[in-house]
Amino acid sequence: MSLPNASIKVTHFIIGGFDTVKRPIAVGVVMLITYLLAVIANVLNIVFIIFDKRLHKPMYLLICNLAVVDIMYCCSTTPTMIGVLLAGVNTISYVECFIQMSVFHLVGVMELFALAIMAFDRLIAFSFPFQYHSYLTNTRTLVVTYILWVVACGFVAVMPVTAATLPYCTSRMKYAFCDYAAVIRTTCVDPNYYFNLVSVMMFFLLFFTFSFICLSYFVIAFFMKVSSNRDKKKMASTCVSHLIVVTCYYSPIFVLVLLTRVGVVLTLEERQGLLIGTILSPSLVNPVVYCFRTKEIKNKIFKIFTKKADISD
């Protein structure tokens, strides 16, 4: 229920999500190191793909898109959290908060889309191996990726639009950064309607993308059964990287959903810990997985270090 008479004009928000952290410096240093490693690893992945024309293929364009998503994902929130923990800067302007919220949820949706379209890429590659390069060209891959970004923007636009029109009763957040839940909690309205609205939307996105990924791998598993042992090993090696990335991203989300459904009441700190895990873990794991499990990228790194070793000798 709205209480417009009790509303205030908010120009800054106070971030109080880390007020109960006992060792903020230690936590901040760990987050800083993880953040830097994630950004560097993803940037290297993008650089390798852009400057090596042999990697200008649909699969690597999708890996590049995932790296862009991961960089935006961790950069949207992690600097704010590090600033609170290490520098004690626990305020953020109203406009910056809304930008952070919009970017965070945009790349969160795009992470789902990116993983789904990568599963689609593998499905086409194994279902139509001889027609793959004619079905899925670089141009078509870029067009589909662009469309997914536009669709993601459409879904996320609901959040800032609904939040911006509400009256605010406090400028203090109990969360670690600006997301939709954090902003809505500072308003003078009953948050349940807005939470339910976003929950329905996110359930649809999670259910659709995860179901699509599972269905893709059921079809891929069928083709693996009728393939030769050599083809099976090649197909398995190609799919393992994607499965690791999917598991890393979806696991914290499903743990949170499962615990909620079975009646386990999580504290705000525990919920935020899982949320931070969904931000930093995939952003760090994804580039590492694709660097060490993708033959072309791994060989590229190996050649670079080999040349440096020869020069030093």
Side-chain angles (χ1 to χ4, degrees), residues 34-78 103-126 132-153 156 205 209 212-213 216 234 237-250 278-305:
T34 306
Y35 168 68
L36 291 175
L37 290 175
V39 171
I40 291 170
N42 280 291
V43 168
L44 287 177
N45 250 0
I46 294 172
V47 169
F48 289 149
I49 293 170
I50 289 176
F51 288 97
D52 191 340
K53 292 185 178 180
R54 293 171 299 177
L55 300 181
H56 291 182
K57 302 174 184 178
M59 184 180 79
Y60 296 103
L61 294 179
L62 295 177
I63 291 175
C64 192
N65 176 63
L66 182 65
V68 171
V69 171
D70 286 334
I71 290 173
M72 291 180 65
Y73 208 12
C74 60
C75 287
S76 65
T77 57
T78 310
V103 174
F104 169 70
H105 289 295
L106 170 62
V107 290
V109 173
M110 267 311 299
E111 187 89 21
L112 298 173
F113 287 165
L115 295 177
I117 195 175
M118 291 175 82
F120 177 73
D121 169 74
R122 294 299 84 202
L123 177 63
I124 297 297
F126 297 137
Y132 169 73
H133 292 291
S134 59
Y135 286 169
L136 203 62
T137 62
N138 287 347
T139 302
R140 289 175 180 173
T141 302
L142 291 174
V143 169
V144 171
T145 303
Y146 173 77
I147 291 172
L148 290 177
W149 275 97
V150 173
V151 172
C153 289
V156 174
L205 291 172
T209 54
F212 180 81
I213 292 170
S216 299
K234 184 178 179 181
S237 176
T238 307
C239 293
V240 163
S241 299
H242 184 250
L243 287 173
I244 292 173
V245 170
V246 169
T247 302
C248 183
Y249 181 74
Y250 279 95
T278 63
I279 299 170
L280 290 177
S281 298
S283 299
L284 179 60
V285 171
N286 294 354
V288 174
V289 167
Y290 280 110
C291 276
F292 288 100
R293 292 205 59 86
T294 304
K295 183 180 178 181
E296 288 82 356
I297 297 178
K298 184 168 62 176
N299 289 342
K300 182 77 174 177
I301 297 173
F302 179 75
K303 287 180 182 178
I304 290 173
F305 281 102

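- Partners of Thr34 according to the side chain to side chain donor-acceptor pair (under 3.5 Å) rule, which considers only residues two or more places apart in sequence or in another chain, do not exist here.
- With sequence neighbours excluded, the residues forming a ring-ring contact (aromatic ring centres under 6.0 Å, His included) with Tyr73 are Phe104, listed by chain and number.
- Residues Leu61 and Thr145 fail the side-chain proximity criterion, which asks for heavy atoms closer than 4.5 Å.
- Here Ile40 contributes atom CD1 and Asn45 contributes atom CG; the two are 13.0 Å apart, rounded to the nearest 0.5 Å.
- Nearest heavy-atom pair, Cys74 versus Ser283, reported as atom, atom and distance to 0.1 Å: CB-OG, 3.9 Å.
- Counting heavy-atom neighbours within 6.0 Å of His56 NE2, excluding the residue itself, gives a total above 12.
- Separation of atoms CG (Asp70) and OG (Ser281) is listed at 11.0 Å; rounding is to 0.5 Å.
- With sequence neighbours excluded, no residue satisfies ring-ring contact (aromatic ring centres under 6.0 Å, His included) with Phe120.
- Interatomic distance, CG of Leu142 versus SG of Cys64, reported as 9.5 Å (0.5 Å rounding).
- Qualifying side chain to side chain donor-acceptor pair (under 3.5 Å) partners for Asn42, counting only residues two or more places apart in sequence or in other chains: none.
- Taking 4.5 Å as the limit, some side-chain heavy atom of Cys239 sits within range of a side-chain heavy atom of Phe126.
- Of the possible donor and acceptor atoms, none in the side chain of Asp121 sits under 3.5 Å from a partner among the backbone N and O of Leu62.
- For Leu37, the side-chain contact (heavy atoms from CB on, under 4.5 Å) partners are Ile33, Leu284, not counting sequence neighbours.
- Note that NE2 of His105 is 14.0 Å distant from SG of Cys153, once rounded to the nearest 0.5 Å.
- When side chains are defined from C-beta on, Tyr250 counts as touching Thr209, because their heavy atoms get closer than 4.5 Å.
- Summarising the geometry of Ser76 relative to Val103, their closest heavy-atom pair is CB-CG1, 3.7 Å, with the distance given to 0.1 Å.
- Under the rule for a side chain to side chain donor-acceptor pair (under 3.5 Å), Tyr35 has no partner lying at least two apart in sequence or in another chain.
- Taking the side-chain contact (heavy atoms from CB on, under 4.5 Å) definition, one finds that Thr139 meets it with Thr137, Val143, sequence neighbours left out.
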Could you tabulate the donor-acceptor pairs under 3.5 Å formed by side-chain atoms of residues 106-117, not counting sequence neighbours?
residue: Glu111; atom: OE2; partner: Asn286; partner atom: ND2; Å: 3.3

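- Smallest separation of non-hydrogen atoms from Ile49 and Tyr60: CD1-O, 3.3 Å.
- To the nearest 0.5 Å, the span separating CZ on Phe48 from CG on Leu55 amounts to 10.0 Å.
- Pairing each heavy atom of Trp149 with each of Asn65, the nearest pair is NE1-OD1, 3.0 Å.
- When the side-chain contact (heavy atoms from CB on, under 4.5 Å) test is applied to Ser216, the partners found at least two apart in sequence or on another chain are Ala119, Leu123, Phe212.
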Step-by-step side chain to side chain contact (heavy atoms under 4.5 Å, CB included) determination, Met59 to Met118: CA-CA 7 Å; Met59 184 180 79; Met118 291 175 82; over 6 Å; no
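- With sequence neighbours left out, Ile50 forms a side-chain contact (heavy atoms from CB on, under 4.5 Å) with Ile46.
- Judged by distance alone, the side chains of Tyr146 and Thr141 never bring a donor and an acceptor atom under 3.5 Å apart.
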